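Worksheet: one structure, shown below.
None of the values given here were measured: they were computed from a predicted structure.
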Amino acid sequence: MGSLQRHVGTKYWIACFRDGTGKRVQRSTKTVVRKTAIKMLASWEDLSAKRATEGQARRVVSDLHEAIHGKPLQFHTLASYSDKWLAIKKKDCKPASLAAYAGAVKSFLAHVGEAGTQSIAYITKEHVNAWHDASRDKATWRTADSKLKCIRVLFSDAWRDGLLAEGGNPAAKVEVFGKRKNTASSRRGLTDVEIKAVYAVANGSWRGMLLLGLYTGQRLMDCATLRWSNVDLIKNEITLVSAKTERAISVPIAAPLRTYLETLPAGDNPTAPIHPDVYALGTGPGGVARLSTQFHEILVSAGLVTPRPPKDVSTGKGRDGARTKTEISFHSLRRNATSALKSAGVSAEVAMDIIGHDSEEVSKIYTKISDEAKVSAIGKLKDFTL
């Protein structure tokens, strides 16, 4: 039978009872009202005696909170908070960022399994660390780190909302692979021979996408969503705002790319996409992944990579196990553009301004790259269409 006591030096009632293991414990009720303290003692005894499930415990604690504060205590599972969080992000984020957040959340929930149906406060560093390692095994360390950063934001907001325990953000305690020693990227640029092989098998819009990647150095989605309003053939430049960094970028049009663009039917609508089919694919559900898959199939046709395992049509589920890692992808063209500029003797500052790389060193000296310098740099690139 439990009891209530008052200790010297405290005004609160202390509940004394035996827990589920038979051990005698004392716990402050944090209330000076005896009636409320008796109710709390009875509830704690009931929890211990019945070994209540988590759901029962939530209801009991919520009832106690309501009795004391006049309103029920709000609980969130990891899954329910994630849904609420993504709904808020949908209003604030650009589609690319929202897709990244949603993909990371989906991956994390799938990994933690049953823990996703429990209180978000129960998620630990160990949960996040195990998922982070598994993400690297399925893709690359860069992909794993990108997903981790998304989950860090999720838990940071949960901490701000008062849903986490005193331990704080569990994802913030997991170190990114990029800061660990001996972490090296397995990605590389394409060789000249490989570029020509891809160009030979690429058809239609993807031949243009290849040229855009090579001669502008922009990311896959930025190339896929280019409109004619981004192209100024009179000034001979392409201007855009990077979907990832939101940085305004201006790139002179290289001669091989201009020759290609002049063969396309521009029409009278400046907002029309340069490549309508690729644009539709990229802006649809799973856009970046679908674009990556198409480019991977082109690499397969060129004999540069092996085909990915087919989807299990009998179950409707995706590929099982770790994804086969490849050294090359569309992002390799960004490396090619950077390397080609540097190999042509272009300064690092000019190369970074064209490609859109951010550099703390360049920012510190507020380097202003002239249009003439960029035009000269682009003019030094070799023609892969010959």
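Under the 3.5 Å distance criterion, the side-chain polar atoms of Asp277 are left unmatched by any main-chain donor or acceptor of Ser205. The closest donor-acceptor contact from the side chain of Asn236 to the backbone of Leu233 lies at 3.5 Å or more, if one exists at all. Remark: side-chain polar atoms of Ser80 are not paired, donor with acceptor, to backbone N or O of His76 under 3.5 angstrom. Put simply, the side chain of Arg227 never gets that close to the backbone of Ile274: no donor and acceptor are under 3.5 Å apart. Checking side-chain atoms of Asn169 against main-chain N and O of Ala171 turns up a donor-acceptor pair under 3.5 Å. Between the Arg152 side chain and the Val174 main chain, a donor and an acceptor come within less than 3.5 Å of each other. With hydrogens and angles disregarded, no donor-acceptor distance shorter than 3.5 Å links the side chain of Tyr122 to the backbone of Ala115. The main-chain N or O of Gly189 is never found under 3.5 Å from a side-chain atom of Arg335 such that the two would form a donor-acceptor pair. Checking side-chain atoms of Thr10 against main-chain N and O of Arg6 turns up no donor-acceptor pair under 3.5 Å. One N or O on the side chain of His127 and one on the backbone of Thr124 form a donor-acceptor pair closer than 3.5 Å.
Side-chain heavy-atom separations under 4.5 angstrom define the hydrophobic clusters, and the remaining members of the one that includes Val32 are Tyr12, Val33.
Val278 and Leu264 end up in the same hydrophobic cluster when Ile, Leu, Val, Met, Phe, Trp and Tyr side chains are linked at under 4.5 Å. In this structure, Leu261 is not a member of the same hydrophobic cluster as Tyr279, with clusters built from ILVMFWY side-chain heavy atoms closer than 4.5 Å. By the criterion of side-chain heavy atoms lying less than 4.5 angstrom apart, applied directly or through intervening Ile, Leu, Val, Met, Phe, Trp or Tyr residues, Ile14 is not grouped with Trp44; the two fall into different hydrophobic clusters.
Across all their heavy atoms, Phe155 and Ile123 have their closest contact at CZ-CG2, 3.6 Å. When all heavy atoms of Ala15 and Leu41 are compared, the pair lying nearest together is CB-CD1, 3.8 Å. For the pair Ser135 and Ser107, the tightest heavy-atom approach, listed with the atom from each and the gap, is OG-OG, 4.2 Å. Closest heavy-atom contact between Leu214 and Ala337: O-CB, 3.4 Å. In this structure, Trp206 and Leu220 approach most closely via the heavy-atom pair CH2-CD1, 4.1 Å.
In Lys196, the NZ atom is crowded: over 12 heavy atoms of neighbouring residues, nucleotides or ligands sit closer than 6.0 Å.
We find the CG-CG distance between Leu163 and Asp161 to be 5.5 Å, quoted to the nearest 0.5 Å. One distance of note links OG1 of Thr216 with CG of Leu240; it measures 7.5 Å at 0.5 Å rounding. Taking OG of Ser119 as the start and CG of Leu78 as the end, the distance is 9.5 Å to the nearest 0.5 Å. The line from OG of Ser146 to CD1 of Ile151 is 12.0 Å long, rounded to the nearest 0.5 Å.
Under the 4.5 Å side-chain criterion, counting only non-hydrogen atoms from C-beta, Ile378 is not in contact with Val375.
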Pair Gln294-His296, side chain to side chain donor-acceptor pair (under 3.5 Å): steps then yes or no: CA-CA 5 Å; Gln294 279 204 358; His296 185 272; over 6 Å; no

Working for side chain to side chain donor-acceptor pair (under 3.5 Å), residues Tyr81 and Asp157: CA-CA 10 Å; Tyr81 185 78; Asp157 288 346; 5.2 Å; no

Audit row: Thr77, Gln118, side chain to side chain donor-acceptor pair (under 3.5 Å) steps and yes/no: CA-CA 5 Å; Thr77 65; Gln118 300 176 356; over 6 Å; no

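Here Phe330 and Phe295 bring their ring centres to under 6.0 angstrom of each other. Taking the centre of each ring, His132 and Phe177 come in below the 6.0 Å mark.
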Just distance, no hydrogens or angles: give the donor-acceptor pairs under 3.5 Å from side chains in residues 88-103, sequence neighbours left out.
none

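No salt bridge links Arg136 with Asp145; every basic N to acidic carboxylate O contact stays at or beyond 4.0 Å. Taking 4.0 Å as the cut-off between side-chain N and carboxylate O, Arg188 and Glu194 count as a salt-bridged pair.
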